[in-house]
Amino acid sequence: MDYNFKEIEKKWQDIWEKECRFEVKNHEPGKKNCYVLIEFPYPSGKGLHTGHVRSYSALDAVARKKRLEGYNVLFPMGCDSFGLEAERTAIKEHKLPQEIVERNIKVFKEQLKKVGLSIDWSREISTCDPSYYKWTQWQFIQFFKHGLAEKKETLINWCPNCGVLANEEVEDGKCCQCHAETVQKTKAQWVLKMTKYADRLADDLVLTDYMEHIKTSQINWIGRSQGEVVKFKIREGGEFEIFTTCIETIYGITFMVLAPEHELIEKLKDKITNYDEVLRYINETKKKSEFERSELSKGKEGVQLKGLMAINPANGKEVPIFIGDFVLASYGSGAVMAVPSHDQRDYDFAKEHGLEYIQVIDGEGCSSDCAYEKTSYLGKGAKLINSQEFSGLTVEEAKVKIAEKLEKMGVAHKQTNFKMRDWVFSRQRYWGEPIPMVYCETCGWVPVPDDQLPVVLPNVESYEPTKDGESPLSAIPEFVNTTCPHCGKPAKRETDTMPGWAGSSWYFMRYCDPRNDKEFASQDALKAWLPVDIYNGGNEHTTRHLLYARFWNKFLYDIGLSPVLEPFKTRISQGIVLGSNGVKMSKSLGNVVDPREVAEQYGTDALRVWEAFMGDYFQSVNWNDDGAKSCNKFLNRVYDMQEFLVEGEEYSKELSYHIHSAIKKVTSDIDNVKFNTAISALMILVNEIYKVKRINKAEYKTLLLLLNPFAPHITEEIWSVQKFEPALKNATWPKYDESKLVQDSVEIAVQINSKIVGRVVIPTNISNEEIEKLAKESLREKFEGKNIVKTIIIPNRIINFIAK
RNA sequence: GCGGGUGUGGCGGAAUGGCAGACGCACAGGACUUAAAAUCCUGAGGAGGCAACUCCGUGUGGGUUCAAGUCCCACCACCCGCACCA
């Protein structure tokens with residue numbers, strides 16, 4: 001008969017809760033601390049889905065194993081509750097975001113508890129709780145006091161009817177709600193100067209054990225490049241700067257391109273003979289987002305600034321100037337030199353506009369339909385041509401010499417540029433932390449004093465985005481009007497709120513000391529837990545959230561409030577769970593699987609085991625309805641094994657090898673986040689036990705402990721029913737003995753000229769000569785007439801004879 | 001476009017450069033049963049063959065190597081991110 005998972009799972013969840021089993025102190029004598037962290041969820045109305053269960057139960061397995069290994073484990077949970085989605089739902093349902101969030105958190109928590117996660121609920125936090133965001137605000141003020149927060153003009157999406165829009169709300173240049181055309185406008189916004197930390201954010205990755213692709217993503221997002229800033233004079237007066245990493249191609253310049261926003265255009269408008277055309281192009285550009293502008297297909301568009309010519313400082317040559325929207329004002333100096341022979345985008349642009357090509361690097365790569373780019377010529381000893389005194393030098397020599405010449409002339413200097421930009425920290429939205437600043441005519445921007453924090457988000461009647469582009473808070477005079485904390489004169493509060501990223505940039509610190517009302521967390525608590533040992537989250541957060549959190553921590557480190565340079569030792573990302581049809585689960589496609597239904601049918605343990613087993617943790621995987629069923633079957637086999645149980649405190653001869661290899665495999669697989677093969681190893685062990693139809697106490701206990709991280713309810717139930725000692729919560733993770741993994745004999749494959757000709761069973765302790773002899777003897781007929789010239793032996797696997 | 005990934009049976013997936021397809025699903029056969037379900041046991045990449053066995057097989061095309069799913073080069077397809085969704 002099937003085991004009664006409903007009863008068992010409820011029973012143990014109640015016991016864990018009653019015992020406060022997973023509540024943890026910051027210090028536990030004789031135990032090392034281990035911090036297992038999973039990104040806290042956004043409490044959307046959709047509730048928990050199978051993707052959540054996959055990562056939560058996986059990290060729960062890690063936490064449970066660490067506990068059994070004797071660690072003092074912090075495995076906390078909370079909610080990232082501010083943000084646009086709650087606001088939208090609230091608007092739709094005519095409720096307050098506060099209510100929506102409260103309701104969703106309740107559902108979430110209930111669902112999480114049913115998954116049987118070993119969470120310390122006493123440390124639960126929510127970013128929209130004033131006792132939490134008080135400290136988010138306090139930290140913002142520290143950024144301000146250290147000159148890292150300032151108001152600055154930035155680009156926003158603007159809809160004439162709806163005001164400021166998020167990128168997400170713009171579809172093909174139109175507002176997603178009213179379908180009016182949107183434009184890009186500038187607006188003064190709070191900005192955190194993250195670029196000041198760009199170098200360190202890139203360099204300090206060596207201090208972490210992040211997965212390699214995550215480090216690469218971070219480095220590419222930061223996008224550090226070293227190059228030269230070169231000053232170009234304009235024949236008609238004035239000058240501008242460009243940034244290039246390919247100074248070696250400067251003699252190949254045949255035109256220049258400025259960003260349409262470049263200040264020079266306004267300055268020299270009287271000298272531009274086709275100013276009307278230029279203006280039209282600039283207005284067209286304003287309708288495009290930066291993302292659209294950087295697409296290559298649009299890179300050929302541009303308009304010449306007729307009447308102007310730029311002068312190449314290297315050789316005095318005059319070249320035409322264009323504006324093109326593929327040049328972004330936000331990167332470098334908003335202007336580029338164009339070398340069509342050696343850059344594909346310049347090449348296409350030149351072709352479109354009938355411009356000249358000058359090849360300056362010698363090689364075969366330059367052809368009639370593509371440029372000879374640096375990826376093809378760098379590091380290959382290519383030489384310069386058509387470059388005056390530099391012709392004949394290698395690219396690497398020329399880079400240095402040309403830069404030297406221009407620097408001596410006073411028209412160039414070295415510069416490091418970053419793709420990464422400062423963090424725009426303002427939102428003209430209601431549902432976020434109010435930015436705790438006051439503007440005074442006399443004193444300028446003044447932070448709200450500590451004793452007046454938090455600046456509480458007021459309850460309002462209308463919190464929809466405003467049409468004038470200001471935050472809904474600006475319509476509340478009681479909120480806006482205040483006095484200057486500095487001089488006491490009437491002043492106005494900042495009405496922008498913070499982005500959702502704010503609260504999530506330091507929540508892992510708050511978990512260390514969640515109820516502290518004197519500071520965001522005590523240094524003692526932070527030292528006890530940081531850095532986080534293993535941090536899991538979605539792939540979509542491996543660039544931005546991770547950078548923001550690392551930046552935030554580095555700043556706190558610099559002002560003495562974080563004990564670590566890097567907050568996360570390792571970072572991993574789970575693959576998403578797709579619908580059974582291979583596409584993302586969504587309500588409209590009807591392929592959403594509710595974990596509650598699965599648990600109802602096959603049990604939470606089966607669901608957890610299946611989510612661990614269904615595939616490589618890092619890869620996306622298609623949901624399969626039969627999976628949980630098969631895992632329920634597996635758990636039943638483990639349960640039914642009680643009938644085979646015999647006395648015995650040591651592993652039996654028949655099972656010893658299988659037990660030791662399972663311990664080894666499961667232990668290393670959990671450490672290496674390979675849950676699927678850990679489950680597979682357990683299945684193999686269970687199959688072996690069914691072959692002998694006998695299991696003793698020692699063996700059963702080991703099996704249950706290995707399975708416990710994945711299926712905590714059933715294992716604890718069997719353990720307690722069988723009255724195994726000590727109680728499972730006090731048991732220790734089993735150890736394997738390498739010497740028990742050595743088998744007496746092994747079957748190896750025999751190859752002649754790399755083709756398998758047969759197999760032979762050999763003792764494991766014999767010499768290579770003996771292996772050769774045995775292989776030849778057992779497959780004598782295959783060797784007839786063969787002249788063996790070489791033998792390759794791969795221990796316990798293959799012997800390969802090379803014959804002539 | 002830029003950046004990060006992925007591609008293996010009917011399906012989910014395994015495989016430190018060393019016997020491809022572990023483990024599981026679905027499938028087939030057997031045991032148990034009046035019968036079915038459940039359970040237990042066995043089989044199975046494809047093609048050919050009564051069989052022993054042979055040939056073909058890890059997105060495509062090349063290459064390195066005694067040996068390639070794995071390393072290198074070129075290509076194709078798909079997924080994720082791209083700064084006001086978080």
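Proteins come first, then strands; the chains are lettered A, B, ... in the order of their sequence lines, and each starts at number 1. Note that the structure is a prediction, hence the values are computed from the model and not measured.
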- Task: Please determine, by modelled atom types, if N768(A) and E772(A) share a side-chain donor-acceptor pair under 3.5 angstrom.
- Result: no
- Are K674(A) and rA15(B) close enough that a side-chain N or O sits under 4.0 Å from OP1 or OP2? yes
- Message: Between F326(A) and F349(A), is the ring centroid distance below 6.0 Å?
- Response: yes
- Between N536(A) and Y617(A), does any side-chain donor sit less than 3.5 Å from a side-chain acceptor? yes
- Does N676(A) put a side-chain nitrogen or oxygen below 4.0 Å from OP1 or OP2 of rG13(B)? no
- Query: Base, sugar-phosphate, or nothing for Y690(A), non-hydrogen atoms under 4.0 angstrom?
  - Reply: sugar-phosphate
- Task: Scan R759(A) against the nucleic acid and name what it touches under 4.0 Å (heavy atoms): base, sugar-phosphate only, or nothing.
- Result: base
- Under a 4.0 Å N-O cut-off, is there an ion pair linking K286(A) with E261(A)? no
- Note on the structure: Nearest heavy-atom approach of W158(A) to K467(A) is CH2-O, 3.5 Å
- So does Q428(A) reach the base of rC84(B) with its side chain, donor to acceptor, closer than 3.5 Å? yes
- Message: Could you check whether the side chain of N800(A) and the base of rC66(B) have a donor-acceptor pair of N or O atoms closer than 3.5 Å, going by distance alone?
- Response: yes
- Query: Could you spell out the base pairing of RNA chain B in dot-bracket, with Watson-Crick or G-U pairs whose two distances are under 3.5 Å, [ ] crossing and | to another strand?
  - Reply: (((((((..(((.....[....))).(((((.......))))).((((....))))..(((((..]....))))))))))))....
